[in-house]
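Reading through the structure tokens given below for one structure.
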Amino acid sequence: MATETIVPFDKALAAYDPAMGLEVHVELNTNSKMFCGCPTVFGGEPNTQVCPTCLGLPGAMPVVNAKAVESAIRIGLALNCEIAEWCRFARKNYFYPDMPKNFQTSQYDEPIAFEGYMDVEVEGETFRVDIERAHMEEDTGKSTHVGGATGRIQGADYSLVDYNRAGIPLIEIVTKPILGAGEKAPLVAKAYVAQLRDLIVALGVSDARMDQGSIRADVNLSLAPKGSDVLGTRSETKNVNSLRSVERAVRFEIGRHAGILNEGGKVVQETRHFHEDTGETTSGREKSDAEDYRYFPEPDLVPVAPSREWVEELRGTLPENPTAKKTRLQAEYGFTDLEMRDVWAAGALPLIEATVVAGTTPQAARKWWVADLLRRANDAGVELAEVGVTPAQVAAVQALVDAKTINDKLARQVFDGLIAGEGTPEEIIEKRGLALVSDDGPLIAAIDDALAAQPDIADKIRGGNMGAIGAIMGAVMKATRGQADAGRARELILEKLGL
Amino acid sequence: MSLIHLSAAEQAAALAAGEVTSVELTQAHLDQIAATNRPENGVGLNSFLHVDAEGALAQAAASDARRAAGAPLHELDGVPIAIKDVLATEGLPTTAGSKILEGWIPPYDGTVTAKIKAAGLPILGKTNMDEFAMGSANENSAYGPVKNPWDHTRIPGGSGGGSAAAVSSFQAALAIGSDTGGSIRQPGAMTGTVGVKPTYGSVSRYGVIALANSLDQLGPVTRTVLDSALLHELIGGHDPMDSTSVATAVTGLADAARQGAAGDLAGVRVGIVKELQGDAWSAPVVERFEESIEILKGLGAEVVEVSLPSFVHAMAAYYLILPAECSSNLAKFDAMRYGLRVTPDGDPSAEDVMRASRDAGFGNEVKRRILIGTYALSSGYYDAYYGQAQKIRTLIIEDFTKAFEQVDVLVSPTAPTTAWALGEKADDPLANYLQDLATIPANLAGVPGISIPSGVSSVDGLPTGIQFLAPVLEDARLYRVGAALEAALTKQWGAPIAAPAYAGNGNGEA
Amino acid sequence: MPELSRDEVRHLADLARIDLSDAELDHLAPQLNVILEAVASIQGVAGDDVAATSHPIPMTNVFREDVIRPSLTPAQALAMAPATEDDKFSVPRILGEE
Ligand SMILES: [Mg+2]
Ligand SMILES: [Zn+2]
């Protein structure tokens with residue numbers, strides 16, 4: 001492969017305007033598959049969730065899962081889309097070993113939802129992302145590649161296919177070209193996928209686990225010379241599996257495209273693969289003219305014509321509009337604009353909301369998520385939601401702080417234990433010996449030792465210099481390995497000094 | 001008269017009367033198959049691709065036990081049946097006549113198979129057919145052609161030549177066929193048997209190896225109209241596994257056949273299709289057809305001529321829709337999960353193996369249709385071909401609607417000629433396609449059709465067929481009119497027509 | 001009606017994943033043209049005012065409840081496979097050489 005020049009992000013954006021298109025596949029959390037009764041649970045033994053239909057056996061036929069249609073309509077409505085009065089499934093014909101029938105049952109020119117939008121907020125600024133369509137389709141099986149050096153498809157000797165995922169219902173959500181985001185393009189892309197994920201969670205239609213592939217994004221990107229309104233040739237980076245990767249993939253492709261264009265080259269229309277380890281994309285399949293999916297209406301299925309009554313009934317089940325909800329929660333929680341901006345940027349609002357529902361004050365919930373846990377997520381390079389602590393656990397830890405069983409400092413150690421999978425907060429406190437010293441005995445002994453060791457300080461306090469108490473407190477805390485209840489220690493120190 | 005020469009209804013009556021056991025009946029048919037199928041000797045009929053003697057006899061014994069206990073599952077419980085190899089049968093090889101599926105044993109039953117088992121009919125085996133049901137002569141089977149019981153040098157019609165020959169040669173009184181453009185009715189005409197294509201969606205397609213999904217329909221293949229009605233009622237009805245299955249119950253067919261057999265067609269309006277006449281139709285076929293029309297008039301039917309002008313485009317539309325759908329249906333045969341895998345020399349990729357396997361596993365007619373279908377669906381050609389063909393379909397449906405405002409049933413000869421010589425048109429696709437002129441419109445419009453014997457040709461002594469078509473879901477009309485004509489013709493002939501070498505106690509060696 | 005050239009037939013065979021030999025191409029290409037010529041008659045027969053019919057019996061909204069039905073066992077699923085390993089279908093390497 002020829003060496004590529006990657007133009008620094010700022011320089012690339014000085015010369016070019018990026019246009020993005022995002023195609024997000026959402027695996028629905030129905031009990032059964034799109035067209036058959038096989039279960040959809042993740043992680044089953046190979047080929048235990050297959051039947052004649054999803055294995056593409058001769059003679060088998062598909063029947064549409066009503067729940068999947070319902071979820072598709074709800075997603076469409078939540079994205080402000082029109083819901084088709086009449087639409088069909090179509091066959092997308094191409095050969096690939098992980099696709100049992102060698103056609104994917106999808107939708108073509110008649111999607112169930114179309115012409116919608118989502119308002120995406122980045123650094124206090126709102127971008128409207130126009131949604132072209134949301135359509136129903138089915139997932140493929142999963143191949144593992146045997147032999148060769150890397151376990152990757154390239155250089156493998158052969159492949160093994162498990163069809164458990166073949167036929168799991170997918171909703172593919174396609175944006176119109178996203179223009180005008182400029183240097184915020186990577187953040188807009190990330191924020192769009194993040195907000196879409198939150199919406200999917202709120203709708204309850206998917207497990208929404210990017211790490212398990214239940215939400216996957218394809219990122220299309222092209223550059224046009226600044227001021228030009230002609231779109232450039234696009235690359236399609238497939239299956240980007242985390243929010244952070246969405247941002248990085250856009251950033252990388254902007255630099256790569258600019259490198260090619262600066263040197264007078266031509267961007268090749270192709271699919272590319274994103275590598276989490278390097279943050280780079282590499283070339284996949286070139287889209288040749290021979291690519292011809294020969295779409296036609298699936299003759300084994302009849303049209304889907306959702307009644308307007310059904311659509312309105314489903315509209316009634318939609319969760320609160322995300323923008324309205326954000327405004328409402330900020331007011332309810334009493335967050336300042338600045339606090340809210342940090343909360344939003346961290347993707348912490350749904351987590352804080354769940355923590356508050358579990359009984360924590362908004363400020364305490366905010367403090368844990370946006371300070372402590374966000375730092376941990378950033379260090380680990382994962383999303384906040386995937387940091388390894390749940391809102392219920394945060395609420396439980398805060399309750400222990402409120403009960404003076406632990407203090408904030410010990411709480412951080414409890415989070416360490418939770419992330420390490422050491423059990424419940426109570427079990428971790430027990431195992432790690434983290435409980436605050438509430439029995440006055442050891443505390444009095446430590447205070448006596450500290451006062452005896454620093455008689456001059458004791459005198460200063462007696463003399464009214466209350467600031468000096470910190471030195472005694474420090475010694476007491478050190479002696480009790482931080483497990484002293486600071487308030488009680490202060491009371492006892494003053495008592496000892498007859499104050 | 002031996003057991004095998006009884007109709008299915010007569011066999012059922014004999015079982016009910018305790019005059020015969022299912023084991024005896026089944027053994028008699030297995031004996032006839034053993035004596036006459038004989039693909040290995042080159043002169044046998046080659047009508048069965050797989051015979052399941054052991055399974056059929058076990059099912060027969062179970063049927064006898066049920067009957068002894070006074071609990072038969074169905075009127076036809078214990079009457080043996082043959083199934084076209086296009087329908088999935090759990091545990092029995094199912095090849096659709098193709099090398100690419102040689103030895104494939106489905107892990108599941110198609111819905112019609114399940115219904116047959118649930119009714120207690122012993123399954124004799126799987127009948128030969130054109131590869132993936134593509135053909136009008138049964139010469140496209142990867143397992144060799146089927147011979148016409150009337151003349152072993154002739155084709156039996158296609159694609160259901162195996163089922164038609166089996167019934168015609170008394171190997172079975174009942175068989176399942178599949179009709180995408182005439183594959184039940186045209187072999188019926190060629191072999192002097194009765195065949196019915198039911199209303200689209202009224203018999204489940206679940207388990208039918210699809211040729212063209214929007215055209216395919218399973219149906220009965222028998223020697224009498226009543227037998228077809230009985231089998232049609234057994235296999236018909238709504239199936240939640242088939243999304244195109246209609247909700248309407250399939251009933252009243254046997255009653256309609258019995259009513260028709262009484263011979264009164266007063267008030268029934270019969271329309272002769274203007275577009276299915278002319279030079280393409282051979283004189284002996286027309287001669288028998290006109291004779292039948294006179295009989296219908298004699299039974300009180302009102303006969304008029306009606307025009308369905310879009311019929312002239314039916315064949316072209318059909319030979320675009322079918323290849324398009326089948327090119328996609330047959331993509332699943334790729335050597336990855338089941339079926340023939342051919343591994344070329346060197347270090348072939350999955351794609352290389354797919355290409356080589358599909359080249360080796362598919363016959364010429366299958367390749368032709370896949371290529372035509374691939375072309376018709378290609379971007380840039382879709383509207384002109386597939387899209388246009390689907391519009392023709394609309395016009396043909398409108399023609400039927402208008403015609404059925406004037407008449408109750410339509411009538412035409414089933415096929416333009418009698419059976420031709422094996423090999424005569426083997427590599428001339430178009431000549432084969434023209435055989436389906438009269439049968440194709442029913443598939444495009446989803447309406448039901450029946451073919452019954454109209455006699456034998458005065459030129460070659462081979463059977464001729466007459467076809468009736470009825471509006472969607474009015475299948476009962478076919479049975480009433482068909483049974484009436486059948487009864488009148490049989491009376492005229494003195495006995496039902498039958499392949500001479502197999503009639504009476506013949507075993508085909510005459 | 002444009003005639004299909006040998007190369008076009010080869011391209012169609014490529015799309016359909018059929019490895020046609022030269023001899024097969026020689027044999028099939030002219031037959032395809034005969035067939036295409038015969039079906040070309042429908043061009044222009046039906047105008048924009050005619051709707052397309054993809055199903056002879058019009059129906060809509062045929063759904064199943066979201067209920068799990070028993071799957072095949074892996075043994076059943078894999079019984080007819082040309083090659084298997086670890087309860088998976090074994091297939092030749094998926095990509096050609098880089
Ligand atoms: Mg898609
Ligand atoms: Zn399944």
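The structure displayed is predicted, hence computed values, not measured ones. Chain identifiers are assigned alphabetically (A, B, ...) following the order of the sequence lines, protein sequences preceding nucleic acid strands; residue numbering begins at 1 within each chain.
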Correct closest heavy-atom pair for B:T244 and A:P299 would be CG2-O, 3.9 Å
Of the backbone (N, CA, C, O) and the side chain (C-beta and beyond), which part of B:A324 lies under 4.5 Å from a heavy atom of chain A, both, or neither? backbone
Considering only heavy atoms, which portion of A:P100 lies under 4.5 Å from any heavy atom of chain B: side chain, backbone, both, or neither? both
Just checking A:Y108: does its OH atom have more than 12 heavy atoms from other residues, nucleotides or ligands closer to it than 6.0 angstrom? no
B:S327 portion near chain A, given a 4.5 angstrom heavy-atom threshold: neither
Counting only non-hydrogen atoms closer than 4.5 Å, does B:P240 touch chain A with its backbone (N, CA, C, O), its side chain (CB onward), both, or neither? backbone
Measure distances from B:L101 to the heavy atoms of chain A and classify the residue's part below 4.5 Å as side chain, backbone, both or neither. side chain
Is any side-chain heavy atom of B:N329 less than 4.5 Å from a side-chain heavy atom of A:R91? yes
Flag the pair A:F35 / B:S243 as yes when at least one side-chain heavy-atom distance between them is below 4.5 Å, and no otherwise. no
Closest heavy-atom pair, B:Y338 versus A:L55, reported as atoms and distance to 0.1 Å, is CE2-O, 4.4 Å
Does A:D292 reach the main-chain N or O of B:S379 with its side chain, forming a donor-acceptor pair under 3.5 Å? yes
Would you indicate whether A:K142, at its atom NZ, is surrounded by more than 12 heavy atoms from other residues, nucleotides or ligands within a distance under 6.0 Å? no
Could you walk me through whether B:D334 and A:Y96 satisfy the side-chain contact (heavy atoms from CB on, under 4.5 Å) test, starting with their C-alpha distance in whole Å, then the side-chain angles of each, then the deciding distance to 0.1 Å, before giving a yes or no? CA-CA 9 Å; B:D334 65 354; A:Y96 208 79; over 6 Å; no
Do A:F296 and B:Q390 come within less than 4.5 Å of each other through their side chains, counting heavy atoms only? no
Is the backbone of A:A60 close enough, under 3.5 Å, to the side chain of B:Y108 for a donor and an acceptor to pair up by distance? yes
Per the side-chain contact (heavy atoms from CB on, under 4.5 Å) rule, which among B:E351, B:M336, B:R337 passes with A:P97? B:M336
Take a 6.0 Å sphere around NZ of A:K67 and say whether it holds more than 12 heavy atoms from other residues, nucleotides or ligands. no
Nearest heavy-atom contact between A:P297 and B:Y386 is CD-CE2, 4.2 Å
Taking side chain as C-beta onward, heavy atoms only, is B:F333 less than 4.5 Å from A:P58? yes
Tell me, side chain or backbone of A:Y295 under 4.5 Å from chain B's heavy atoms, or both, or neither? backbone
Would you say that B:R205 contacts A:D300 through its side chain, given a criterion of any heavy-atom pair below 4.5 Å between the two side chains? yes
